[in-house]
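Quantities reported herein were computed from a predicted structural model and do not represent experimental measurements. Note that these values count all heavy atoms, side chains included, but never hydrogens, waters or copies made by symmetry.
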Amino acid sequence: MPTKLHTKSYNNNRLFLTVNPNDDISENDPVRVVDAIVESLDLKEFKKLYREKGRCPYHPRMMLKIILYAYMNNIYSCRKIEKVVQRDIHYIWLAAQERPDFVTINRFRNRVKNEINNIFTQTVLVLAERGFITLDVEYIDGTKIESKANKYTFVWRKTVEKNKAKLQEKIRVLLGQIDDVIAQDKATGSDKVEFTPETLTSLITELQDSLSAEPEPTGKEQKKQQREKKKQIKELEKHRDKLSEYDGQLEQIGERNSMSKTDTDATFMRMKEDAMNNGQTKPGYNLQISAENQFITDFALFPNPTDTLTLIPFFNSFLDRYGHMPLVAVADSGYGSEENYRFMDEAGMEAYVKYNRFHLEQRPRYKPNPFHHDNFYYNADEDYYVCPMGQHMTRIGTSHSKTASGYRSENARYRAQNCNGCPLRCLCYKAKGDRRTLEVNHRLNGYKRKARELLTSEEGLKHRGRRCIEPEAVFGQMKFNMAYRRFRHFGKDKVTMDFAFFAIAFNIKKLCSRIAKQAQNGGNTPHDGLSLLVCRFLLSEYRIFWNYPEKSVA
């Protein structure tokens, strides 16, 4: 006989009872750390973003919690955040049964785009107070993040300047064809002066006034001439509009070489993520971060693709954020320039920053080139070099060079007495002439010697080993584990806002992993004080759920 199966009663149309989700979330769940950290932040700057009248807005702490927790779980879309707030018990616990829609979530992110940077600073300071970081040693590196703009929306500076020059010539030719005294004067007198949209507008107004002052044409020939003048004025208006477009593009490009039409703040750069392996440029931003113990301590976005010109502004942003400079700076050879070394030396920092040939010098089989001027004997007292043949190279003058940032460097010039007939000439130099000339930057060489001593010291070896696992690990987790490879907004202000949310979520996620390791080790870590901070905001009296508030707006 078949046995009778007994199951629990099931009816999905029955009335559900409200249950407190606090009982179903474990005490060491990361969602509780998010709740504790946000509760400890000072959000008084958010108050000025809301009006006193109108519908009651959602509480900014609640909105901040659900967005940060979504970023921690690789959810960056507002529509997806809206779904999980309605379905996931962790988000329901954070939102206290509130259900903001995707428009409200997106509006909140854009509303706090200026204040979220301060929230990131507060989060880092909390980590510093609890002993996770010191803000004294900074490991700096950069990566390129692709913009949301299409890769075919490029605008190149050289192309715009070339087209603008052609347009200026077209305008001169057109003014020469117009049979009018005003236009002829402008065409003949504008050989050395470029036209501007303002001058063309005034010229078009004068031509239209002159045309309207003429008597009505009577014959076919006069009507034909009048139509031709109107056609020329319309063509001149088109040239004026195109010239205004070129001027606007050059103003938006600024000192860059390119920009995107849809995201004017993005610059076309070569990315490592090149699917076609053809070196195609894509619109993006140069993201610079500083890391310590794999926590993001500072970040900034730059339009230039190289890292050399980003170090000084990045240090200035660190100073504005925390009120002091780091004591130790560690970076790779992309930042090793005279300007950067001098800035760090004057700021009192220990610069463990490599220069461009440091890796070659550290190879076991490295043999210095005896014909390179760095390996020549230099007499500092009498200021002369000695070539491999023993000939003195005396100083003949000084040359100056200027970087893209405006920094002027000084190079000393030295020249040999006579290289004609030297048996080593073919190995020494290939330039024309009978005397070799050297250009030496003594200040840069001094900074290189100091950097070499620091990098090869015991402390330098430790920092060089740590640099490979500090910012590089952050970039690896960001791009591969958290799938944050491309920005989802247009404009530098919104892109900075989005990454600020991500950086806060990244640090909290890293903090959760440290707390989990602390629990596995039995709490025998120097960060036990953080548990007091978390427990303070996890007590039942600090949380009120399921109070069914009125519907709100952000």
Measure the shortest side-chain to side-chain distance between [X] and [Y] over non-hydrogen atoms and say whether it is less than 4.5 angstrom.
X    : Y    : result
D263 : P283 : no
R452 : E361 : yes
L64  : I504 : no
E292 : P326 : no
R321 : N117 : yes
M63  : E98  : no
V124 : E129 : no
I515 : R32  : no

Parallel, tilted or perpendicular: which describes the rings of [X] and [Y], with under 30° parallel and over 60° perpendicular?
X    : Y    : answer
Y71  : F501 : tilted
F46  : F108 : perpendicular
W156 : F154 : tilted
Y76  : Y484 : perpendicular

Can you establish whether the number of heavy atoms outside [X] located under 6.0 Å from its atom [atom1] is more than 12?
X    : atom1 : result
K144 : NZ    : yes
K479 : NZ    : yes
R79  : CZ    : no
Y152 : OH    : no
R486 : CZ    : yes

Residue pair K450, E453: steps toward the salt bridge (Lys or Arg N to Asp or Glu O under 4.0 Å) verdict | CA-CA 5 Å; K450 184 178 179 180; E453 293 175 359; over 6 Å; no

Does [X] reach the main-chain N or O of [Y] with its side chain, forming a donor-acceptor pair under 3.5 Å?
X    : Y    : result
D332 : G334 : yes
D298 : S290 : no
R61  : L41  : yes
E146 : R485 : no
T262 : A149 : no
N316 : I312 : yes
T267 : P303 : yes
R464 : L455 : yes
D35  : V31  : no

Measuring from atom [atom1] of [X] to atom [atom2] of [Y], what distance do you get when rounded to the nearest 0.5 angstrom?
X    : Y    : atom1 : atom2 : result
E82  : I66  : CD    : CD1   : 10.0 Å
L68  : K509 : CG    : NZ    : 13.0 Å
Q477 : S513 : CD    : OG    : 8.0 Å
K354 : H359 : NZ    : NE2   : 3.5 Å
I253 : R256 : CD1   : CZ    : 7.0 Å
E251 : D247 : CD    : CG    : 8.5 Å

How close do [X] and [Y] get, heavy atom to heavy atom, and via which atoms?
X    : Y    : answer
M269 : G284 : CE-O, 3.5 Å
K492 : D265 : N-OD2, 2.9 Å
S337 : L444 : C-CD1, 4.3 Å
I116 : A500 : CG2-CB, 3.7 Å
A291 : T297 : N-OG1, 4.0 Å
N293 : F132 : ND2-O, 2.5 Å

Residue pair Y91, N73: steps toward the side chain to side chain contact (heavy atoms under 4.5 Å, CB included) verdict | CA-CA 11 Å; Y91 294 90; N73 292 277; 3.7 Å; yes

Does a donor on one side chain sit under 3.5 Å from an acceptor on the other, for [X] and [Y]?
X    : Y    : result
T121 : N118 : no
Y407 : E338 : yes
D307 : N286 : yes
N150 : T153 : no
N507 : T123 : no

Could you go step by step and tell me if F299 and F120 meet the ring-ring contact (aromatic ring centres under 6.0 Å, His included) rule?
-> CA-CA 10 Å; F299 69 91; F120 168 76; 5.2 Å; yes

Kindly indicate, with the supporting measurements, whether the criterion side chain to side chain contact (heavy atoms under 4.5 Å, CB included) is fulfilled by Y335 and Q288.
-> CA-CA 12 Å; Y335 302 89; Q288 297 288 317; 2.5 Å; yes

Basic-acidic side-chain contact under 4.0 Å: R342, E339 |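 Salt bridge between R342 and E339, a charged N being under 4.0 Å from a carboxylate O: no.
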
Please test I508 against M72 for side chain to side chain contact (heavy atoms under 4.5 Å, CB included), starting from the C-alpha separation and ending with a verdict.
-> CA-CA 8 Å; I508 297 177; M72 289 173 59; 3.8 Å; yes

Less than 6.0 Å separating the ring centroids of F318 and F315?
->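 So the answer is no for these two rings.
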
D141/R467 under side chain to side chain contact (heavy atoms under 4.5 Å, CB included): CA gap, chis, key distance, verdict | CA-CA 9 Å; D141 203 355; R467 196 206 68 81; 3.6 Å; yes

Which residue, E470, H463, R466, forms the side chain to side chain donor-acceptor pair (under 3.5 Å) with Y139?
->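 It is H463, the one option of E470, H463, R466 that forms the side chain to side chain donor-acceptor pair (under 3.5 Å) with Y139.
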
